[in-house]
Amino acid sequence: MTTPGTTPLTTADLVGGWRRVGVREGMALIVHSSLSSLGRVEGGAAAVVAALREAVGPSGTVAAPTFTTGTVCDPVPGHTGAPTAATAELRAAVPLFRPDLPSGTGAVAEALRALPESLRSTHPQVSVAAVGAHAREVTGRRSLGFAVGRESPFGALHDLGGHVLLVGVGHNRNTFLHYAETFAPNRRLKLRRFPMAVQGERVWIEAPDVGDDNDTHFPVVGREFEEQAGIREVLVGAAPCRLVPVRGLIPFAVRRLTELLAADGSGAA
């Protein structure tokens, strides 16, 4: 085994690491990751993706969030009513979503998105890229409202009995906790705003979604679930990694988020 911080990690080292974390052939994974947390990797993010694909094998699927919330968004969200000339100019400069639009969710996700065989879902702000046996099934779902809910790629991964692989990041990056919150009766809410082409016309769409957690409840819920489920942290290179089963996480997270939101009064009435 490579000692963290010395020789660069090879693809074989990474595959061995994913195996120790619990990744098996045939799994459907969504990966939330920090490339730098691993230490030096021979081949960089592309090698991480290659190792993940090798670990799940030809019957498995590897997905990653390829969000564009910082790119395809309203640059003047506080402005209501008819736009001024300056507001209209700023909004006109916002790109429409397209499959090759770079994401802002890290080097590993971007390396997966850039693969020629990669498929990508089409929500303008909250897309997911995937490769493997169930990539089309995962990326084929989209709901403009509650974009991380039942009719999203996250719903498809849930149906597949998928797993969340956290590589050097915490549950504050685990989008499946947002998915869980969509089922909470007192879920927090926000409004997404983005441009789309509808029948050849560029229009701005407003759609509801669950609100941001801002490290409030997700780290607590994630830690409690890991303790209950006996999930152990495994070092791959220098990165602490955990593998979380989605079907076990969701009912636990819905219950605990409902309780925590009720206790602090932050959810919807």
Between E42 and T10: side-chain donor-acceptor atoms closer than 3.5 Å: no
Closest non-hydrogen atom pair between A45 and L35, with its separation: N-CD2, 3.8 Å
Shortest non-hydrogen separation from T68 to S103 and the atoms involved: CG2-CA, 4.2 Å
R247 and D159 ion-paired at < 4.0 Å: no
F225 versus L249, closest heavy-atom pair with distance: CZ-N, 3.5 Å
Test: R192 and D209 ion pair at under 4.0 Å: yes
Note, E226 side chain near R242 side chain (heavy atom, < 4.5 Å): yes
Polar side chain donor-acceptor pair, R141 to S121, under 3.5 angstrom: no
Reference residue L243; test side chain to side chain contact (heavy atoms under 4.5 Å, CB included); the match among L29, V234, V167: L29
Crowding at CZ, R98 (>12 non-hydrogen neighbours, <6.0 Å): yes
Side-chain ion pair, R187 and E181, N-O less than 4.0 Å: no
Crowding at CZ, R136 (>12 non-hydrogen neighbours, <6.0 Å): no
Pair D100-R120, salt bridge (Lys or Arg N to Asp or Glu O under 4.0 Å): steps then yes or no: CA-CA 9 Å; D100 64 344; R120 190 179 189 183; over 6 Å; no
Distance-minimising heavy-atom pair for V41 and P8: C-CB, 4.4 Å
Heavy-atom closest contact (L191 atom, P208 atom, distance): CD1-N, 3.9 Å
Check: F194 ring centroid to H123 ring centroid under 6.0 Å: yes
Donor-acceptor under 3.5 Å (T61 side chain, H134 main chain): yes
Considering all heavy atoms, the nearest E25-R19 contact: CG-NH2, 3.8 Å
More than 12 heavy atoms of other groups within 6.0 Å of E89 CD: no
Linked hydrophobic residues, V94 as query - side chain contacts closer than 4.5 Å: W204
Set of residues satisfying side chain to side chain contact (heavy atoms under 4.5 Å, CB included) with respect to L115, sequence neighbours excluded: V49, R53, E117, S118, V131
Distance flag, aromatic centroids of F176 and H158, threshold under 6.0 Å: no
